[in-house]
Amino acid sequence: NEMSCDGKCAGCSNAGSCGSAPVVPPEEKKEICPGPSGEEAGKASACAGCPNASRCASGKVQGPDPDIAVIAERFQDIGKKILVLSGKGGVGKSSVSTQLA
């Protein structure tokens with residue numbers, strides 16, 4: 001039972017198990033952020049529309065946040081800290097946080 005793979009695994013019943021690497025046409029490839037260092041920083045096509053593109057392109061690496069000391073001082077008197085986290089929106093994070101406070 002031989003199958004032919006077109007490289008488009010979305011919707012395929014054998015996705016992830018056929019052993020074929022998906023073939024993505026160049027026009028469909030999405031470039032990822034090159035990060036704040038390197039030659040392509042702020043200049044790559046992935047940087048188009050990014051609010052930090054000019055900062056990355058300038059070559060200036062941002063230092064530590066100056067407010068860290070202020071935040072640490074404010075948190076010093078808080079005995080217990082509970083993180084309410086979810087990878088989805090609309091699951092009640094704010095409601096839970098309000099009730100815990």
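The model shown is predicted, which means the values in this text are computed figures rather than measured ones. The first residue in the sequence is number 1, and the count goes up from there.
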Checklist line | Contact summary for G42 and C56, nearest pair of heavy atoms | finding: N-CB, 3.7 Å

Under 3.5 Å, which donor-acceptor pairs do the side chains of residues 84-98 form with other protein atoms, sequence neighbours left out?
from : atom 1 : to  : atom 2 : distance (Å)
S86  : OG     : K88 : N      : 3.1
S86  : OG     : K88 : O      : 3.4
K93  : NZ     : K88 : O      : 2.9
S97  : OG     : K93 : O      : 2.9
T98  : OG1    : S94 : O      : 2.8

Next item on the list: Tell me, please, which residues at least two apart from A53 pass side-chain contact (heavy atoms from CB on, under 4.5 Å).
Entry: C47, C50

Check: Residues in side-chain contact (heavy atoms from CB on, under 4.5 Å) with I71, at least two apart?
Finding: D67, F75

Next item on the list: Can you establish whether the number of heavy atoms outside K81 located under 6.0 Å from its atom NZ is more than 12?
Entry: yes

